[in-house]
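Everything below concerns the one structure shown next.
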Amino acid sequence: KLRRHDISVTVDATQDIAAAERQLLEIARRQRNVVQDPPPKAFIAELSASEAKVTLRYWVKTPDWASATRAMRQSVKDRFYPQQAAEPAE
């Protein structure tokens, strides 16, 4: 059985939003507990004049959910928020 999870990052609207989507997908591909079928998806969840909320949607096996979620949060934080101690929004 699989369980879906979303994780989002906020990027400045002047930045390359497509690059943020690609980076999130690459993080998902590198995590061993993230299922590749169905494939992870990255998309713009919200858009304003000043920022975009980019969401990564991925699936994991139910027993792996907690460890996979922790690993994904850490990887996303390290990539998008390297100077912050807090985790990204879900």
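As the structure is a prediction and not an experimental result, all values here were calculated from the model.
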In this structure, would [X] and [Y] fall into the same cluster of hydrophobic residues linked by side-chain contacts under 4.5 Å?
X: Ile7; Y: Leu2; result: no
X: Phe80; Y: Ile44; result: yes
X: Val9; Y: Leu47; result: yes

Minimum heavy-atom distance between [X] and [Y], given as atom pair plus value:
X: Val34; Y: Gln36; answer: O-NE2, 3.3 Å
X: Tyr81; Y: Ser8; answer: OH-O, 4.5 Å
X: Ala42; Y: Glu21; answer: CB-O, 3.6 Å
X: Val35; Y: Lys61; answer: CG2-N, 4.0 Å

Do the side chain of Glu51 and the main chain of Ala49 share a donor and acceptor less than 3.5 angstrom apart?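 No; zero donor-acceptor contacts below 3.5 Å.
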
Measure from the side-chain N and O atoms of Thr62 to the backbone N and O of Lys1, and report whether any donor-acceptor pair falls under 3.5 Å.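 Confirmed, Thr62 side chain pairs with Lys1 backbone.
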
Looking at Thr69, Asn33, Leu24, Leu25, which hits side chain to side chain contact (heavy atoms under 4.5 Å, CB included) with Tyr58?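 Between Tyr58 and the candidates, side chain to side chain contact (heavy atoms under 4.5 Å, CB included) is satisfied uniquely by Thr69.
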
Hey, is Glu26 close enough to Arg30 for a salt bridge, meaning N to O under 4.0 Å?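 Between Arg30 and Glu26 there is a salt bridge, with a charged N closer than 4.0 Å to a carboxylate O.
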
State plainly whether the residues Asp64 and Arg32 are in salt-bridge range, i.e. N to O under 4.0 Å. no

In Å and rounded to the nearest 0.5 Å, what is the [atom1] to [atom2] distance from [X] to [Y]?
X: Trp59; Y: Lys41; atom1: CH2; atom2: NZ; answer: 9.5 Å
X: His5; Y: Leu56; atom1: NE2; atom2: CG; answer: 9.0 Å
X: Ser67; Y: Gln31; atom1: OG; atom2: CD; answer: 9.5 Å

Identify, with sequence neighbours excluded, every residue that meets side-chain hydrogen bond (donor to acceptor under 3.5 Å, both in side chains) alongside Arg3. none

